[in-house]
Amino acid sequence: MDIEQKYQVNHYLVSALLNYVDNKEIAIPEIQRPFVWDGAKVRDLIDSLYQGYPIGYIVTWQNPDVKLKDGTTSTGKKILIDGQQRVTALTAAILGHTVKNTDYEDVRIKIAFNPKEEKFEVSNPAIEKDVTWIADIAPYLSGQQRLREIRDSYCELNPDMSEDLFEDILEGLKDIKKKEIGVIQLAGNLDIDAVTEIFIRINSQGMPLSQADFVMSKIAANETYGGNLLRKCIDHFSHLAVKPEFYGKLKENDTEFVNSEYFQPISWLRNENEDIYDPSYVDILRVAFTYKFSRGKMSDLVSLLSGRNFETRGFEQSIEENTYRELKAGVMDFINETNFKRFIMIVRSAGFCHTKLIRSQNVLNFGYILYLKLRSLKYAPEKIEKYVRRWIVMAFLTGRYSSSPESQFDYDIKQTDLRPFEEFLKDVENARLSDAFWDVELPQRLDTSVASSPVFNVFLASQCKMGVRGFLSTDITVKDLIEQRGDVHHIFPRQYLKDNGLSRGQYNQVANYTYVQSEINIKIGKKAPSDYLGYVENQQCKGGECKYGGITNISVLERNMEENCIPATTSTMSIADYQDFLSQRRSLIAKRLKEYYFSL
């Protein structure tokens, strides 16, 4: 059986490759991050070319030919999907182009050359003053300076250098542009999974290529439908969400974006320090796409951006145009200040007051998708809040997006189109949140020593929502302790359990954890629960000295232990009771979570 070859391998001269880039026959999209190579890597790349060493292949992907509205066909542009740093470095060193640094400032990376030693270096003030160096090779290699000019100037300052030898060496320098670079051109009819597989196989480090990176490359390369600015919007929003101080640099250094329709809608982030949900560019793409297109697989977005007609399997300009229009609308809804802040308020209203309680970005992503979707379907605000809160908590508790998240996104978003969401939610609750889930599965999932257990984190969120006070505290809440770096205390102290021969996996059980004030934790030390809790119950609450917190009333103590799901008999327990204590507390936590969920 003949298997079609999925790529072509060509070898281009450096000069030809740079010419193709200049003529936009090969599109170098503005990469998702600034130019990350330092000057030394650029220097090493140029030195490798000078020495005749290979510098690896670059990979392009031919955009499919698209059928235009007038019936003609537009030949797809080649998009550079691997080798962006190398090609950008070549344009910087040889053509003198600027690159954007981490502050998005346009800077020059000048590579200097010492003809006497045939050595390259990153130019600096000392080199610029040293007459043995040509401080910047770009003017010569780009044709702005003639060999004669450079020779006369250099040999005048370096009389020990032969003019003939100098010319030979500089001809060798110019031969850099005649060195070959391998270009692997992937066929335009390949789907995203095939392209990813090829990339992994040919990449020397075997690193997977993110489908989101494909999407960003395709968006950035399409100026016809404003993809270049849309890509910037996505990237800048994710950057500002983490670093609001970047706003000043952005306003100063990217005038094209500042003058675009996207700048004002993201400007509110300059004063925003909320970090419950800091979306990456991948998150923004995923939410905007899934919400607007009711599809969960990023590979579908790659196809749609190419104008793919899933029925005819051809490519049409109208589909491409509509995809950019709808994706833009989805991104604009995502970055909208009111939408974003209301979603965060919903997350916080469920008790998730700190990022340490959130261990799945995909749960938040689908939560935001659901918020935007229900809003577009004109659901009442109070219903949106209730449904989104419940969905987020359900997803955390059940690990709904912990495996194959794209497929689960795809299923869930399609269900919201097929029937009223309240019906879908009720079916999910009946299927996943049965009595067996609360009575058996949840206690079993709490049998773990993993401190970041999502179930235990939801329990902490429930305590924050309910205003529960810390263990043995009269006024300080669990929410206060989480936000102000309180201590996670072992109810059966860790050292006490270690001294009794228990292993790390046994004494670090999450069912043994609770939030407590540091000063109380220190006083407890390594005492058995029967010692410190027995003292609080039998002496501190009967007029004795306050050693462990400020509780002096037995009913207050009982309520505090009940709120923290600590068995009432813990005050009499010692090492022999530890396993029974864990079993009881797991059941109490699961019961509390059930009450919490159905109160949302």
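We're numbering straight along the sequence, starting at 1.
- Shortest non-hydrogen contact noted between T290 and G296 is OG1-CA, 3.9 Å.
- You'll find the side chain of S123 stays beyond 4.5 Å of the side chain of I111, heavy atoms only.
- Ring-plane geometry between F289 and F293 is classed as tilted, the angle between the planes lying from 30 to 60 degrees on a 0 to 90 degree scale.
- For the residue pair E316 and N309, a side-chain donor N or O sits within less than 3.5 Å of a side-chain acceptor on the partner.
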- prompt: Would H236 and D254 satisfy side-chain hydrogen bond (donor to acceptor under 3.5 Å, both in side chains), going step by step from the backbone distance to the final call?
  reply: CA-CA 10 Å; H236 290 333; D254 196 341; 3.3 Å; yes

- request: Give the intermediate values and the outcome of side chain to side chain contact (heavy atoms under 4.5 Å, CB included) for residues W133 and E128.
  value: CA-CA 7 Å; W133 286 86; E128 289 176 357; over 6 Å; no

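- Between F334 and F237, the distance separating the two ring centers is shorter than 6.0 angstrom.
- One N or O on the side chain of S360 and one on the backbone of V363 form a donor-acceptor pair closer than 3.5 Å.
- Within the 4.5 Å cutoff, the side chain of I219 has heavy atoms near those of the L285 side chain.
- In this structure, K179 contributes its side chain and L49 its backbone to a donor-acceptor pair below 3.5 Å.
- Taking CG from N114 and CD from E121, the interatomic distance works out to 10.0 Å, rounded to the nearest 0.5 Å.
- Put simply, the side chain of D235 never gets that close to the backbone of R231: no donor and acceptor are under 3.5 Å apart.
- A salt bridge links D300 with R295; the closest basic N to acidic carboxylate O contact falls under 4.0 Å.
- The CG atom of L18 sits 11.0 Å away from atom OG of S142, with the distance rounded to the nearest 0.5 Å.
- Within the 4.5 Å cutoff, the side chain of F340 has heavy atoms near those of the I344 side chain.
- D417 CG to L377 CG: the interatomic distance, rounded to the nearest 0.5 Å, is 7.0 Å.
- No more than 12 heavy-atom neighbours from other residues, nucleotides or ligands sit within 6.0 angstrom of NZ on K251.
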message: Assess the residue pair H354 and D275 against the criterion (side chain to side chain contact (heavy atoms under 4.5 Å, CB included)); give the C-alpha distance rounded to whole Å, side-chain angles, the decisive distance to 0.1 Å, and a yes or no.
response: CA-CA 8 Å; H354 196 282; D275 61 357; 6.0 Å; no

message: Between D283 and S280, is the side chain to side chain contact (heavy atoms under 4.5 Å, CB included) condition met? List the steps.
response: CA-CA 5 Å; D283 299 323; S280 67; 3.2 Å; yes

query: Does the side chain to side chain contact (heavy atoms under 4.5 Å, CB included) test come out yes or no for K178 and V14, once each step is laid out?
result: CA-CA 6 Å; K178 298 178 182 178; V14 169; over 6 Å; no

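- No donor-acceptor pair closer than 3.5 Å links the side chain of W268 to the backbone N or O of N336.
- Between the side chain of T323 and the backbone N or O of L304 there is at least one donor-acceptor pair closer than 3.5 Å.
- The shortest heavy-atom contact between I150 and I134 is CG2-CD1, 4.0 Å.
- For the atom pair Q264 CD and N259 CG, the distance stands at 10.5 Å (nearest 0.5 Å).
- Nearest approach of S260 to L229, heavy atoms of both residues: CB-CD1, 4.0 Å.
- The two residues D136 and P139 come nearest to each other via the heavy atoms O-CD, 3.4 Å.
- Annotation: side chain of Y324 is in contact with side chain of N222 (closest heavy-atom distance under 4.5 Å).
- Across all non-hydrogen atoms, the minimal contact from I127 to V122 is CD1-O, 3.5 Å.
- Listed for the R286 side chain is no donor-acceptor partner under 3.5 Å among the backbone atoms of N365.
- Across all their heavy atoms, K297 and S407 have their closest contact at CE-OG, 4.1 Å.
- Among the candidates W391, F409, F343, the single residue satisfying the ring-ring contact (aromatic ring centres under 6.0 Å, His included) test with Y368 is F343.
- Atom CZ of R108 sits in a crowded spot, with more than 12 heavy atoms from other residues, nucleotides or ligands closer than 6.0 Å.
- Between R308 and I319, every side-chain heavy-atom pair lies at or beyond the 4.5 Å cut-off.
- P244 has its side chain out of reach of L269: every pair of non-hydrogen atoms, C-beta onward, lies at least 4.5 Å apart.
- Checked by atom type and distance alone, the side chain of S153 never pairs as donor or acceptor with a backbone atom of E149 at under 3.5 Å.
- Aromatic ring centres of F352 and F396 lie closer together than 6.0 Å.
- Residue-environment remark: OH (Y57) stays at or below the threshold of 12 foreign heavy atoms within 6.0 Å.
- Although no hydrogens or angles enter the test, the distance criterion places no donor-acceptor pair under 3.5 Å between the side chain of T88 and the main chain of Q85.
- Using a cut-off of 4.0 Å between Lys/Arg side-chain N and Asp/Glu carboxylate O, R270 and E245 are scored as not salt-bridged.
- Salt-bridge formation is not detected for the pair K119/D47: no Lys NZ or Arg NE/NH1/NH2 atom is positioned less than 4.0 Å from an Asp or Glu carboxylate oxygen.
- Within the 6.0 Å centre-distance limit, the rings of Y247 and F263 are counted as a close aromatic pair.
- Put simply, the side chain of Y291 does not reach to within 4.5 Å of the side chain of L370, judged on heavy atoms.
- Using a 4.0 Å cut-off between charged side-chain N and carboxylate O, K341 and E272 make a salt bridge.
- Atom-to-atom distance recorded for Y371:OH and D333:CG is 9.5 Å, nearest 0.5 angstrom.
- Residue I346 holds its CD1 atom at 7.5 Å from CD1 of I392, rounded to the nearest 0.5 Å.
- Of the possible polar contacts, none joining the D164 side chain to the E167 backbone as a donor-acceptor pair under 3.5 Å is found.
- Ion pairing of K414 with D410 is present here, as a side-chain N (NZ or NE/NH1/NH2) and a carboxylate O approach within less than 4.0 Å.
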- request: Given side-chain hydrogen bond (donor to acceptor under 3.5 Å, both in side chains), test Y401 with D412 step by step and report yes or no.
  value: CA-CA 11 Å; Y401 304 112; D412 288 344; 2.7 Å; yes

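- Side-chain atoms of Q317 and Y225 form a donor-acceptor pair, as typed in the model, at a separation below 3.5 Å.
- Counting only distance, with no hydrogens or angles, the side chain of R359 and the backbone of K356 share a donor-acceptor pair below 3.5 Å.
- For the pair Y262/K328, a side-chain contact is recorded, criterion being any heavy-atom separation below 4.5 Å from C-beta on.
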